[in-house]
Amino acid sequence: MIRAGSVEAEIGIATESTPEHWRIVDPEDTARRIGEIRTLATARNAVLLAHNYQLPEVQEAADFVGDSLGLALEARTTDADVIVFCGVHFMAESAKILNPEKTVLLPNLSAGCALADSITPESLLRWKERYPDHLVVTYINSSAEVKALSDICCTSANAVSVIRSLSTDRVLFTPDRNLGRWVARQVPDKDVVVYDGACPTHDVLRDASVEGVKAGHPDAVVIAHPECREDVLKMADEICSTTGMMDAVRRHPEARRFIVATEWALIHQLKRRFPDREFIPADGCIGCRLHCPYMKMIDLPAVRRALEENVFPIEVDADDARAARRALERMMAVPRDR
């Protein structure tokens, strides 16, 4: 988990690591707007949580920036009255499930998730009927209703540890097939049945694109998110969650360049942490294939509006929340894989 720092010190990094369409044109104005948002948040006793894939300017406005697991843990422990979740809908839903007494705001209701949409409660029920003796492990990228039908959740940061923690050898993993297949290879003693969903942002990347980038930077270390396809993962020196990628860079102190196979906005956080290193998108183009449109639907005006107008409050059915909370709490009790 990365705490947001000095805005003025990071504007240059935000400009360097951002596609032209989202680049900060007026650094002074951006710093001013971020200052106003933080003042509003203080007045409302609100905490701003941002995922690593959010726009760099939104990351700079946030109190905490991290991956799904880190943000879930932060949401559970915060003493703020209001949680403004700068991410996508399932993340804000999870925050509400873990904090039913708090106000949880998602600044843009259009911020969904194609991977979460790939599995519905009805489709999961059918899979459970086909595999009645399997425990259901569901990736956190899923709706509250799907979580409620699951035995335990996981994130990319602790998926392997979650599978290993189970007393059974029979597991139904939903919904990401790439993550599920990678996890299955790490636990060959388990019978892991994998659902057929995927994150389009990661699934679109092919080894040919990575090979092209690697050819121009043969000394670079390749770090990849496990939502990537197997052909990409085979090329990776490190496979880990977005927060895990920070640790991966530390494990290679001699390396000056890294090829990053995940959503482009993570490069902002990598540059903040390691300004002396070079980070290159695995598709060779910041903002092209490795781009999640849903993660870019929240900007500074939307964050400010959320604080001023109390939009958009997230609510979860009480029965679904109760069952989903059990699955999430079981997940959070399991440590990160590395």
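Everything numeric in this text was worked out from a predicted model, so none of it was measured. Numbering starts at 1 and runs along the sequence shown.
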Contacts table for residues 230-237: side-chain donor-acceptor under 3.5 angstrom, sequence neighbours left out:
residue	atom	partner	partner atom	Å
Asp231	OD2	Asp207	N	3.2
Asp237	OD2	Val222	N	2.8

Could you pull out all donor-acceptor pairs under 3.5 Å where a side-chain atom in residues 275-297 meets a protein atom, sequence neighbours excluded?
residue	atom	partner	partner atom	Å
Asp276	OD2	Arg256	NH1	3.1
Arg277	NH1	Ala255	O	3.4
Glu278	OE1	Arg257	NE	2.8
Asp283	OD1	Cys285	N	3.0
Asp283	OD2	Arg289	N	2.9
Asp283	OD2	Leu290	N	3.2
Arg289	NH2	Asp283	O	2.8
His291	ND1	Trp264	NE1	3.1
Lys296	NZ	Tyr53	O	2.6
Lys296	NZ	Glu263	OE1	3.1
Lys296	NZ	Glu263	OE2	2.6

Can you give me every donor-acceptor pair (side chain of residues 323-330, partner residue at least two apart or in another chain, under 3.5 Å) with its distance?
residue	atom	partner	partner atom	Å
Arg325	NE	Ile97	O	2.8
Arg325	NH2	Ile97	O	3.3
Arg330	NH1	Asp151	O	2.7

Throw together a table of side-chain donor-acceptor distances under 3.5 angstrom for residues 167-174, partners on residues two or more places apart or in other chains.
residue	atom	partner	partner atom	Å
Thr168	OG1	Arg170	N	3.0
Arg170	NH1	Asp133	OD2	2.1
Thr174	OG1	Thr138	OG1	2.9

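In terms of modelled atom types and a separation under 3.5 Å, the side chain of Glu93 and the main chain of Ala144 share a donor-acceptor contact. Without hydrogens or angle criteria, Arg206 side chain to Val204 main chain gives a donor-acceptor distance under 3.5 Å. Side chain of Lys102 to main chain of Ala80: a donor-acceptor pair is present (N/O by atom type, distance under 3.5 Å, no hydrogens or angles). Without hydrogens or angle criteria, Ser142 side chain to Tyr139 main chain gives a donor-acceptor distance under 3.5 Å. Side-chain atoms of Asn158 never come within 3.5 Å of backbone atoms of Ser161 as a donor-acceptor pair (strictly under, hydrogens ignored). Using a distance-only test at 3.5 Å, with no hydrogens or angles considered, a donor-acceptor pair links the side chain of Lys190 to the main chain of Leu166. In this structure a side-chain-to-backbone donor-acceptor pair under 3.5 Å is present from Asn108 to Ser110. The backbone N or O of Leu149 sits less than 3.5 Å from a side-chain atom of Lys128, completing a donor-acceptor pair. Listed for the Thr39 side chain is a donor-acceptor partner under 3.5 Å among the backbone atoms of Gly35. One N or O on the side chain of Ser94 and one on the backbone of Phe90 form a donor-acceptor pair closer than 3.5 Å.
Hydrophobic clustering (ILVMFWY, side-chain heavy atoms < 4.5 Å, transitive): Leu73 and Ile83 are in one cluster. Grouping the Ile, Leu, Val, Met, Phe, Trp and Tyr side chains by contacts below 4.5 angstrom, directly or via other members, places Val334 with Leu179. Each of Leu135 and Ile119 belongs to its own hydrophobic cluster when Ile, Leu, Val, Met, Phe, Trp and Tyr are linked at side-chain heavy-atom distances under 4.5 angstrom. Note on Phe258: it does not cluster hydrophobically with Val210, by side-chain heavy-atom contacts below 4.5 Å among ILVMFWY residues. Under the 4.5 Å side-chain contact rule for hydrophobic residues, Val136 and Val162 do not share a cluster.
Considering CZ of Arg130 and CG of Leu125, their distance stands at 13.5 Å, rounded to 0.5 Å. Separating the CE atom in Met245 from the CD1 atom in Ile239 is a distance of 9.5 Å, to the nearest 0.5 Å. Taking CG of Leu270 as the reference point, atom CE of Met246 lies at 4.5 Å (rounded to 0.5 Å). For the atom pair Ile267 CD1 and Arg272 CZ, the distance stands at 15.0 Å (nearest 0.5 Å). One distance of note links CZ of Arg304 with CG of Asp299; it measures 13.0 Å at 0.5 Å rounding. Interatomic distance, Glu60 CD to Ile37 CD1, rounded to the nearest 0.5 Å: 12.0 Å.
Within the 4.5 Å cutoff, the side chain of Val47 has heavy atoms near those of the Phe64 side chain. Side chains of Ser241 and Thr155 form no contact here, defined as non-hydrogen atoms less than 4.5 Å apart. In this structure, the side chains of Leu205 and Arg229 stay at 4.5 Å or more apart for every pair of heavy atoms. The shortest distance between side-chain heavy atoms of Cys199 and Asp176 falls below 4.5 Å. Two residues are said to be in side-chain contact when any heavy atoms from C-beta on lie closer than 4.5 Å; Met91 and Val104 fail this criterion. Under the 4.5 Å side-chain criterion, counting only non-hydrogen atoms from C-beta, Arg33 is in contact with Pro301. No side-chain heavy atom of Cys153 sits less than 4.5 Å from a side-chain heavy atom of Val137. By the 4.5 Å heavy-atom criterion applied to side chains, Glu238 and Arg251 are counted as neighbours.
Atom CZ of Arg126 has 12 or fewer neighbouring heavy atoms from other residues, nucleotides or ligands inside a 6.0 Å radius.
The two residues Ile34 and Ala61 have their closest heavy-atom pair at CG2-CA, 3.7 Å. Minimum interatomic distance between Tyr195 and Ser123 (heavy atoms only, all atoms of both residues): OH-OG, 3.2 Å. Contact record, Leu115 with Gly197: CD1-C, 4.1 Å, taken as the closest heavy-atom pair. Closest approach of Ala157 and Leu69 over heavy atoms only: CB-CD2, 4.0 Å. The minimum heavy-atom distance between Leu307 and Ala46, with the atom names listed, is CD2-CB, 3.8 Å. Among all heavy-atom pairs drawn from Asp320 and Ala148, the shortest one is O-CB, 3.6 Å.
Under the 3.5 Å distance criterion, with hydrogens and angles disregarded, a donor-acceptor pair is assigned to the side chains of Asp191 and His134.
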Asn178 and Cys228: CA distance, side-chain angles, deciding distance, side chain to side chain contact (heavy atoms under 4.5 Å, CB included) verdict: CA-CA 6 Å; Asn178 293 327; Cys228 291; 6.0 Å; no
Full working for side-chain hydrogen bond (donor to acceptor under 3.5 Å, both in side chains) between Asn52 and His268: CA-CA 8 Å; Asn52 289 316; His268 176 63; over 6 Å; no
Worked verdict on Thr262 versus His202 for side-chain hydrogen bond (donor to acceptor under 3.5 Å, both in side chains): CA-CA 6 Å; Thr262 195; His202 290 95; 2.8 Å; yes
Full working for side-chain hydrogen bond (donor to acceptor under 3.5 Å, both in side chains) between Gln59 and His51: CA-CA 8 Å; Gln59 295 184 38; His51 192 271; over 6 Å; no
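Remark: Glu36 engages Arg32 in a salt bridge, criterion side-chain N to carboxylate O under 4.0 Å. Salt bridge status for Arg336 with Asp67: present, with a side-chain N to carboxylate O gap under 4.0 Å. A salt bridge links Asp203 with Arg177: at least one charged nitrogen is closer than 4.0 Å to a carboxylate oxygen.
A search for ring pair (Phe, Tyr, Trp, His ring centres under 6.0 Å) contacts involving His89 returns nothing, not counting sequence neighbours. For Asp189, the salt bridge (charged side-chain N to carboxylate O under 4.0 Å, His left out) criterion is met by no residue, not counting sequence neighbours.
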